[in-house]
Amino acid sequence: MIALPPILYRDRDIAILDKPAGLAVHPGPRTPESLEDALPELGGRHFMPVAAHRLDRDTSGCIAIALSRRGARALSAAFAGGGAAKTYWAILSALPGQPDGMRTGWRVLDTATRLVEFRPETGRTHQIRVHAAHIGCPIVGDPVYGPVQDDADGPMRLHARSLSLTLPDGRIIRAEAPLPAGWPANSQPLAPGPETQ
């Protein structure tokens with residue numbers, strides 16, 4: 001049985017969980033156990049909680065869950081209408097250079113650990129992973145888009161650090177997920193550089 005991940009935010013209609021790396025959001029041929037197995041713990045009698053978006057299996061961090069039909073409608077409107085702002089932190093195999101014109105804003109948070117913040121404008125599959133590989137700095141531990149790194153001792157180093165949702169009723173919900181265990185102890189930002197597009 002899959003344990004319910006830590007709850008970062010919860011009200012009657014919406015929850016934001018801190019999904020661990022290695023746990024798929026939905027079941028599949030290679031992932032028969034998934035986050036969906038734990039969601040009934042959040043639910044009532046009349047609605048089965050459901051993830052409002054997805055994170056890759058190897059990505060940790062913030063994921064929004066609808067706890068009611070009203071919550072599902074609100075989350076769907078927020079994600080479809082530009083009311084969802086996501087921030088990801090990643091440890092890259094090298095530090096990026098100049099702006100590249102791609103649709104993911106990024107900035108270096110700590111040069112010693114190669115910690116970089118990404119703010120994607122869209123929710124395309126593997127967007128940040130593809131972007132990092134495209135600029136020649138694949139994410140450490142990425143099994144698809146990057147070479148195996150000497151310091152890739154564990155899961156891929158991509159973390160959905162925060163999620164901010166502006167709902168149709170004007171409410172703003174924000175949650176922040178702490179860095180997972182196993183990340184370098186000094187991967188807290190010191191003096192972030194300017195954001196680059």
Side-chain angles (χ1 to χ4, degrees), residues 1-90 104 118-130 139 141-145 154-183:
M1 183 65 178
I2 300 296
L4 184 69
I7 299 171
L8 301 171
Y9 171 86
R10 183 176 183 166
D11 63 28
R12 198 170 62 177
D13 300 310
I14 294 169
I16 300 176
L17 305 180
D18 183 6
K19 185 189 86 64
L23 178 63
V25 174
H26 305 290
R30 296 186 307 166
T31 57
E33 294 185 321
S34 70
L35 177 64
E36 284 185 3
D37 296 326
L39 295 183
E41 291 184 46
L42 291 170
R45 291 173 285 170
H46 305 294
F47 184 83
M48 177 59 73
V50 62
H53 59 111
R54 64 179 296 276
L55 291 176
D56 293 337
R57 182 185 66 205
D58 294 325
T59 301
S60 57
C62 295
I63 186 162
I65 308 295
L67 303 179
S68 67
R69 287 180 182 83
R70 180 170 53 188
R73 287 191 300 270
L75 288 172
S76 178
F79 280 96
K86 304 178 208 174
T87 301
Y88 290 81
W89 284 8
T104 308
F118 289 92
R119 293 181 179 265
E121 292 181 18
T122 65
R124 291 183 179 161
T125 302
H126 296 180
Q127 180 178 347
I128 294 170
R129 296 168 64 183
V130 169
I139 296 169
D142 190 326
V144 176
Y145 299 102
M156 181 174 65
R157 304 300 191 195
L158 180 60
H159 181 63
R161 176 65 169 172
S162 68
L163 176 61
S164 179
L165 300 165
T166 302
L167 303 180
D169 64 5
R171 284 187 305 142
I172 297 175
I173 295 172
R174 187 170 193 283
E176 185 174 279
L179 284 175
W183 281 51

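The figures here come from the full heavy-atom set of this structure, side chains too, leaving out hydrogens, waters and symmetry mates.
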Worksheet entry | Nearest heavy-atom neighbours spanning P143 and M156 | CD-SD, 4.4 Å

Worksheet item: Can any side-chain N or O of H46 pair as donor or acceptor with the backbone N or O of R69 at less than 3.5 Å?
Response: no

Fill in: Pair listing, salt bridge (Lys or Arg N to Asp or Glu O under 4.0 Å) test, anchored in residues 1-13, at least two apart
D11-R171, D13-R70

Discussion item. Counting C-beta onward and ignoring hydrogens, is there a side-chain heavy-atom pair between F79 and K86 closer than 4.5 Å?
Written reply: yes

Practice prompt. Start with the C-alpha gap between I65 and L35, add the side-chain angles, then the distance that decides, and say whether side-chain contact (heavy atoms from CB on, under 4.5 Å) holds.
Written response: CA-CA 11 Å; I65 308 295; L35 177 64; 4.3 Å; yes

Item to complete: For the residue pair V130 and Y145, establish whether any side-chain heavy-atom pair is separated by less than 4.5 Å.
Response: yes

Practice prompt. Return the minimal non-hydrogen interatomic distance between V25 and L55, and the atom names on each side.
Written response: CG2-O, 3.5 Å

Discussion item. Tell me the closest heavy-atom pair linking A175 and Y9, and the distance in Å.
Written reply: CB-CB, 4.4 Å

Practice prompt. With rounding to the nearest 0.5 Å, note down the distance linking CD1 in I2 to CG in L23.
Written response: 5.5 Å

Item to complete: Start with the C-alpha distance between I63 and H53, add both sets of side-chain angles, then the distance that settles side-chain contact (heavy atoms from CB on, under 4.5 Å), and finish with yes or no.
Response: CA-CA 7 Å; I63 186 162; H53 59 111; 3.7 Å; yes

Worksheet item: What is the minimum heavy-atom distance between A64 and L165, and which atoms define it?
Response: CB-CD1, 4.3 Å

Discussion item. Ignoring hydrogens, what is the shortest heavy-atom contact between F47 and A72? Give both atom names and the distance.
Written reply: CZ-CB, 4.2 Å

Discussion item. Between I128 and I139, is the side-chain contact (heavy atoms from CB on, under 4.5 Å) condition met? List the steps.
Written reply: CA-CA 9 Å; I128 294 170; I139 296 169; 4.1 Å; yes

Worksheet item: Can you list the steps and then say if R174 with E176 is a side-chain contact (heavy atoms from CB on, under 4.5 Å)?
Response: CA-CA 7 Å; R174 187 170 193 283; E176 185 174 279; 3.9 Å; yes

Worksheet item: Atom CG in L75, atom CZ in R73: separation rounded to 0.5 Å?
Response: 11.5 Å

Practice prompt. Side-chain contact test, heavy atoms from C-beta onward, threshold under 4.5 Å: evaluate it for I7 versus L42 and give yes or no.
Written response: yes

Worksheet item: Going by heavy atoms in the side chains, are L39 and L17 under 4.5 Å from each other?
Response: yes

Discussion item. Within the structure provided, determine whether P20 and P5 are in side-chain contact (heavy-atom separation under 4.5 Å).
Written reply: yes

Practice prompt. State, to 0.1 Å, how close R161 and W89 come at their nearest heavy-atom pair, and which atoms those are.
Written response: NE-CH2, 3.5 Å

Fill in: Within residues 15-35 or reaching into it, pairs that qualify as side chain to side chain donor-acceptor pair (under 3.5 Å) - sequence neighbours excluded
H26-E36

